[in-house]
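To start, the structure under review is shown below, and the notes come after it.
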There are 2 protein chains.
Amino acid sequence: MRMSEGVEWALHSCINLAWLEPGEAMPAAKLAGFFSLPAAYLNKQLQALARAGILTSTSGPRGGFRLARASEDITMLDVVTAIEGAEQAFRCEEILRRIPGDHEGVDYRKTCAISQSMWRAEMAWRRELAGQTIADLKRTVEKREPATPGNVRNRFANLRT
Amino acid sequence: MRMSEGVEWALHSCINLAWLEPGEAMPAAKLAGFFSLPAAYLNKQLQALARAGILTSTSGPRGGFRLARASEDITMLDVVTAIEGAEQAFRCEEILRRIPGDHEGVDYRKTCAISQSMWRAEMAWRRELAGQTIADLKRTVEKREPATPGNVRNRFANLRT
DNA sequence: GTTCGGTTACTCGGATATGTTCTGTCCGAGTGGTGAAGG
DNA sequence: CCTTCACCACTCGGACAGAACATATCCGAGTAACCGAAC
């Protein structure tokens, strides 16, 4: 069970976008250059965020990506779900159904004790992620390193390509 | 992010083992036959549980697998960890380190705000799983369907191969 | 000076390869039971 | 009848393929800025 590395990239990029001027767009190539990431692949992750309604994309010169809504309204869970998909990590295959007998009208994904416990655990995980927004992360960093927003904007301005 | 299907198999098999006579061993082929699973592949998962100290294995006739300790002392987290490995799902690649500057003595896996939040979420997930033992699952099923332990033993007795 | 239109550079978006992990299969090493032979 | 021993079926354990997914790359469609010419 391994989470895609794209989640880390997406979260960092969202925070960086939150530090830009409101309405300012940043192309994927620059967002990738910030962390020396492969541009085309980060682009793919950002597309997923756009499809999920977290970012909006603009084509052409001075285009790029920007946050589709306030950073207070984007949770970490939103980003994780956009990249990883909405499905649970544990997917009950209902192997109980493979025992001979009557399984009519039974959904073991809901009734199997194992499935229920796994679901509870996953909900606890989601609850934690849903309780943390991009704005929260931003605030945490700014409190520790107040110079960060300025540094980020500077680095973007000086990035070649 | 997808959890191995082997986790589901392993948990169901552990519960089945808990319903056997104390000290009774069950070969992988029968444990697999119970759910019509591929025997060799389930065997592989059970080997992982044995390596983790959850099961003990015996070779030769009348051999097989049995629980290495009381079902009260085997948590769902133990089983998940045995199959999936001990590593976190989210693995911080420390992309912050790829920004020019001084990163001497900094471990972003511990200090990065994103990594910390992901870690908290994962701990919440683990806490849930660690709070549920095989004995708990067993009790839940027995309460709903008291005939299950007998049915399971019967099915094992009548299984060919 | 203003407007219009063509050109151009830029950006996203999806289609296409490559590598890694999960899934599934196979066969050999070791083990304990079993049964026949001998005392 | 009891003991001994060789044989054999059984079981795990790890080595070996195939499928699915994540990673990485490339190129085309569309768009907005820009520049020059005409009015």
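The chains referred to below are lettered A, B, ... by the order of the sequence lines, with proteins before strands, and numbering in each begins at 1.
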**Prompt:** Can you find a side-chain donor-acceptor pair between A:Thr58 and A:Arg66 that sits under 3.5 Å?
**Reply:** yes

**Prompt:** Is B:Met1 touching bases, backbone alone, or none of the nucleic acid, heavy atoms closer than 4.0 Å?
**Reply:** sugar-phosphate

**Message:** Without decimals, in angstroms, what is the distance between A:Leu42 CG and D:dT25 C1'?
**Reply:** 14 Å

**Message:** Aromatic contact between A:His12 and A:Phe34, with the criterion being ring centroids under 6.0 Å apart: yes or no?
**Reply:** no

Sub-3.5 Å pairs of nitrogen or oxygen atoms, protein against nucleotides 8-10 of chain D:
none

**Message:** Strictly distance-based, threshold 3.5 Å: is any side-chain N or O of A:Arg126 a donor or acceptor partner for the main-chain N or O of B:Ala121?
**Reply:** no

**Message:** At less than 4.0 Å, is any side-chain N or O atom of B:Thr58 found next to OP1 or OP2 of D:dT11? Yes or no.
**Reply:** no

**Prompt:** Quick one: A:Gln47 CD to D:dT23 P, roughly how many Å, whole number?
**Reply:** 16 Å

**Request:** Send over the distance from B:Tyr41 OH to D:dG13 P, rounded to a whole Å.
**Result:** 17 Å

**Request:** Scan side-chain atoms only and decide if B:Thr133 and B:Asp136 contain a donor-acceptor pair under the 3.5 Å cut-off.
**Result:** yes

**Request:** Would you sort out whether B:Cys92 and A:Glu8 count as a side chain to side chain contact (heavy atoms under 4.5 Å, CB included), showing the intermediate values?
**Result:** CA-CA 7 Å; B:Cys92 180; A:Glu8 185 179 0; 3.7 Å; yes

**B:Ser115 side chain near B:Lys110 side chain, heavy-atom distance below 4.5 Å** = no

**Message:** If we count only N and O atoms by modelled type, under 3.5 Å, do the side chains of B:Asp78 and B:Thr75 hold a donor and an acceptor together?
**Reply:** yes

**Prompt:** How long is the line joining CZ of A:Arg2 and C1' of D:dT23, in whole Å?
**Reply:** 11 Å

**Gap between atoms CD and C1', on B:Gln45 and D:dG13 respectively (whole Å)** = 14 Å

**Asked** For the pair made of CZ in B:Arg66 and C1' in D:dT11, what is the distance, rounded to whole Å?
**Response** 13 Å

**Item:** Crowding at CZ, B:Arg97 (>12 non-hydrogen neighbours, <6.0 Å)
**Value:** yes

**Item:** A:Leu37 CG to D:dA24 C1', straight-line distance once rounded to whole Å
**Value:** 12 Å

**Message:** Looking only at the aromatic ring of each residue, does the gap between the centers of A:Phe156 and A:Trp19 stay below 6.0 angstrom?
**Reply:** no

**Item:** Distance, rounded to the nearest Å, where A:Glu84 contributes CD and D:dA22 contributes P
**Value:** 7 Å

**Complete:** Its 5'-most and 3'-most nucleotides having an atom under 4.0 Å from a non-hydrogen atom of chain A, DNA chain C is contacted over C:dC10 to C:dC22

